[in-house]
Amino acid sequence: MGTLPPGPKSLGLVDTIRAGFFSSEPVFRRYAAEYGPTFRVRSPNGVLTITGDPQAIRAVYAADPDEFDVWGVQLTEPVFGTSSVVVTAGARHRRDRRLLAPPFNAAAMRGYGGAIADISLDVASRWRPGHSFSMLAATQAIALDVIVRVVFGVRGEARVGRTREAVLGLIESLGRSFMIIPALRRDFAGFGPYARHKRAARALDALLFEEIRARRAEGDASQDILGLLMSARHDDGAGMSDVEIADQLRALLFAGHETTAMSLGWAMYWLHREPAVLARLCEELDALGPAPEPDALASLPYLEAVCLEALRIHPPVVDVARVVKRPFQLKGYTVPAGEAIAASPLLLHGREDLYPSPQRFRPSRFLERKFTPFEFIAFGGGARRCLGAAFAMYEMKVVLGTILGRYRLRLESQAPIRHVRRGLTMGPSGDVAMILEGERERASAEGRAAAVQGSPAEPALRPAAPQPAGRCPMGFS
Ligand code: HEM
């Protein structure tokens with residue numbers, strides 16, 4: 001056998017609890033400082049080699065996907081099921097991706113912009129000037145409505161309301177106990193949390209089947225994501241069954257809802273902590289004039305950089321690993337068959353050599369240089385790279401551009417917020433409480449010209465402010 005990656009003998013109880021329930025970031029940073037950017041740990045869910053080294057990450061993402069199996073299928077079963085694209089491997093996975101890709105291509109995206117902007121304005125219309133509200137609750141409501149209306153394609157207020165309730169019921173039913181300990185996935189005469197979860201899953205499925213049946217009966221060929229899935233064809237010409245479509249829809253819900261909501265919450269937080277960044281963004285938005293088209297928002301370079309920087313500094317998904325089927329060579333080390341490799345966005349995105357002053361929110365770093373797919377991995381990479389990445393970026397840009405083009409907001413408190421584990425994802429430790437100050441007056445053309453000349457600079461790279469204790473996971477949920 002070749003050389004194993006270095007690492008601690010075991011994680012130990014304190015680090016296991018810290019990493020599993022709060023954040024693996026401080027734990028992994030300590031190991032990276034001691035053993036280098038690639039190290040091997042024994043977690044309660046198996047042995048993992050974790051790496052924040054771009055060259056090692058390249059080796060994983062560029063390898064033949066058939067070298068790997070999916071990691072943690074049993075752990076995520078209540079969320080992703082056993083047959084959705086998130087958990088299949090090999091030829092079945094390639095087939096699923098082919099079927100699911102069309103709704104997420106650039107042309108399809110253009111059809112969703114109006115709905116995303118309307119949903120954003122609808123949620124924002126509930127804010128009252130001078131009053132505090134939870135920005136995180138708002139971004140969760142927006143992301144949920146986007147899934148229900150745009151991804152599931154549900155129409156009509158009553159149906160949207162019922163589906164929204166069913167989705168929330170399913171999300172709330174995901175008890176931590178049975179997510180962490182699969183042995184607790186038992187019925188307990190219908191009273192246990194797992195039985196509640198199963199009931200919630202059945203309730204959502206019933207609505208999804210109803211929706212699919214109604215669409216089939218109406219001969220509806222809508223261009224929303226459900227419509228595109230219904231018209232997708234396998235190589236043999238057969239369509240997806242209703243059960244298959246419902247499985248994939250549920251997977252898209254879980255993969256796309258919290259992730260996008262958390263990233264939007266973080267973007268709002270940082271924009272309002274860094275006035276120069278917000279000013280530069282507003283200047284870019286103002287240049288589009290009132291009521292810009294969603295596609296115009298989506299093509300703004302600084303807005304895009306803001307989204308990328310939010311995803312860099314606080315990646316919401318940090319638990320992705322792959323199991324190697326055969327011994328795998330990783331930059332001079334050998335990862336034994338049956339063990340897992342995880343590319344860590346927390347370690348990679350925090351590298352000083354790639355992202356100077358990594359703890360600063362500086363969107364312009366994404367305008368100053370291009371990062372390779374092995375240097376920015378908020379959406380993972382290789383054959384399993386996030387299928388909804390373009391959709392998520394589009395949604396983030398339209399939501400931020402629509403709201404910030406219209407409203408002036410401020411944070412209720414300047415107290416730092418930590419990046420913590422929240423179920424399957426990581427996100428802000430608090431609510432991101434904000435106050436609506438009022439509607440924005442857009443800069444006049446002359447004002448804009450003057451502003452462009454004296455364009456506000458982003459914060460200079462000053463010595464790092466003390467970083468709040470980071471939080472993150474990896475391989476424990
Ligand atoms: C900011 C938002 C999002 C982030 C940060 C994110 C991140 C990720 C990551 C890290 C992975 C694993 C990639 C890998 O294994 O290398 C993933 C997979 C996936 N994501 Fe996303 N995601 C986001 C939004 C979405 C949305 C909106 C959808 C769809 C509606 C979506 C659908 C998927 C699917 C289907 C997979 C599984 C791909 C596969 O296994 O082949 N994601 N995502």
Side-chain angles (χ1 to χ4, degrees), residues 57 60-63 65 68-73 76 79-81 83-90 92-101 103-105 108-109 112 116 139-140 142-144 146-153 224-226 228-229 247-267 307-323 340-346 348-349 373-374 376-400 424-427 472-474:
I57 291 171
V60 177
Y61 287 169
F68 306 111
D69 264 334
V70 185
W71 179 86
V73 176
T76 59
V79 174
F80 294 125
S83 65
S84 76
V85 65
V86 183
V87 291
T88 53
R92 170 73 196 268
H93 177 248
R94 283 191 284 279
R95 184 202 76 167
D96 283 354
R97 281 196 65 112
R98 257 199 317 278
L99 280 183
L100 290 172
F104 296 102
N105 70 28
M109 214 73 68
Y112 315 138
I116 297 173
T139 59
Q140 282 172 313
I142 293 170
L144 178 58
V146 168
I147 294 280
V148 171
R149 290 176 199 267
V150 179
V151 177
F152 291 180
D224 56 31
I225 291 178
L226 172 57
L228 290 165
L229 290 182
D247 266 3
Q248 305 290 10
L249 284 177
R250 256 185 282 101
L252 294 178
L253 157 72
F254 283 112
H257 170 244
E258 283 289 290
T259 44
T260 313
M262 295 301 140
S263 307
L264 280 167
W266 272 126
C307 298
L308 291 171
E309 181 67 342
L311 287 160
R312 178 199 69 80
I313 197 164
H314 298 310
V317 183
V318 298
D319 282 344
V320 182
R322 285 137 169 78
V323 176
I341 305 178
S344 169
L346 291 163
L348 181 71
H349 295 177
F374 319 111
F376 175 82
I377 60 165
F379 292 108
R384 301 202 81 98
R385 184 174 187 270
C386 174
L387 204 59
F391 182 81
M393 284 296 292
Y394 186 85
E395 179 177 348
M396 285 180 71
K397 286 183 276 187
V398 174
V399 173
L400 290 174
L424 279 187
T425 54
M426 286 189 74
C472 74
M474 178 71 71

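Indexing begins at 1, ligand by ligand and atom by atom, following the structure's order. The figures that follow rest on heavy atoms only: side chains count, while hydrogens, waters and symmetry mates do not.
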Output the list of atoms in ligand 1 that are nearer than 4.0 Å to some heavy atom of G381, sorted by atom number. 16 (O)
Closest heavy-atom pair and its distance - V85, Q248: N-OE1, 3.0 Å
Where ligand 1 meets F391 - atom numbers and elements under 4.0 angstrom, heavy-atom basis: 27 (C)
Of all protein heavy atoms, the one nearest atom 7 (C) of ligand 1 is A378 O, 3.5 Å
How far is atom 12 (C) of ligand 1 from its nearest protein heavy atom, and which residue and atom is that? V320 CG2, 3.7 Å
Side chain R384, main chain Y61, donor-acceptor under 3.5 Å: no
Measuring from L311:CG to M393:CE, what's the distance to the nearest 0.5 Å? 6.5 Å
Could you list which atoms of ligand 1 come closer than 4.0 Å to a heavy atom of L311? 1 (C), 5 (C)
Worked verdict on L264 versus L400 for side chain to side chain contact (heavy atoms under 4.5 Å, CB included): CA-CA 8 Å; L264 280 167; L400 290 174; 3.8 Å; yes
Any N or O of Y61 closer than 3.5 Å to N or O of ligand 1: no
Run S263 and T260 through side chain to side chain contact (heavy atoms under 4.5 Å, CB included) and show every step you take. CA-CA 5 Å; S263 307; T260 313; 5.8 Å; no
Applying a heavy-atom cut-off of 4.0 Å, say which part of V85 lies close to ligand 1: side chain, backbone, both or neither. both
Side chain proximity check, T259 to V317, heavy atoms < 4.5 angstrom: yes
So, leaving waters aside, the tally of protein N/O/S atoms less than 2.8 Å from atom 21 (Fe) of ligand 1 stands at 1
Any chance you could lay out the side chain to side chain contact (heavy atoms under 4.5 Å, CB included) test for I225 and F104, step after step, and finish with the verdict? CA-CA 8 Å; I225 291 178; F104 296 102; 3.8 Å; yes
Can you report which non-hydrogen protein atom sits closest to atom 13 (C) of ligand 1, along with the distance? R384 O, 3.2 Å
Can you give me the closest heavy-atom contact between S84 and D247, atom names plus distance? CB-O, 3.8 Å
Side chain to side chain contact (heavy atoms under 4.5 Å, CB included) for R322 and V70? Distances and angles first, verdict last. CA-CA 5 Å; R322 285 137 169 78; V70 185; over 6 Å; no
For a quick test of reading the model, state the closest non-hydrogen atom pair linking A340 to W71 and the distance between them. CB-CD1, 3.4 Å
Taking only non-hydrogen atoms of P316 and a 4.0 Å limit, the atoms of ligand 1 in range are 5 (C)
Look at ligand 1 and say whether R322 reaches it with a heavy atom at a distance under 4.0 Å. yes
Tell me: protein heavy atom nearest atom 37 (C) of ligand 1, and distance? V86 CG2, 3.8 Å
At a 4.0 Å cut-off, with the gap strictly under it, does some heavy atom of A251 reach an atom of ligand 1? no
Tell me which protein heavy atom sits closest to atom 1 (C) of ligand 1, plus the residue, atom name and distance to 0.1 Å. S263 OG, 3.5 Å
Working to the nearest 0.5 Å, report the span between SG of C307 and NZ of K397. 6.5 Å
Any non-hydrogen side-chain atom of L226 less than 4.5 Å from a side-chain atom of L249? yes
Going by the 4.0 angstrom heavy-atom rule, the piece of H93 near ligand 1 is side chain
Report yes if the side chains of R92 and D96 come closer than 4.5 Å at any heavy-atom pair, otherwise no. yes
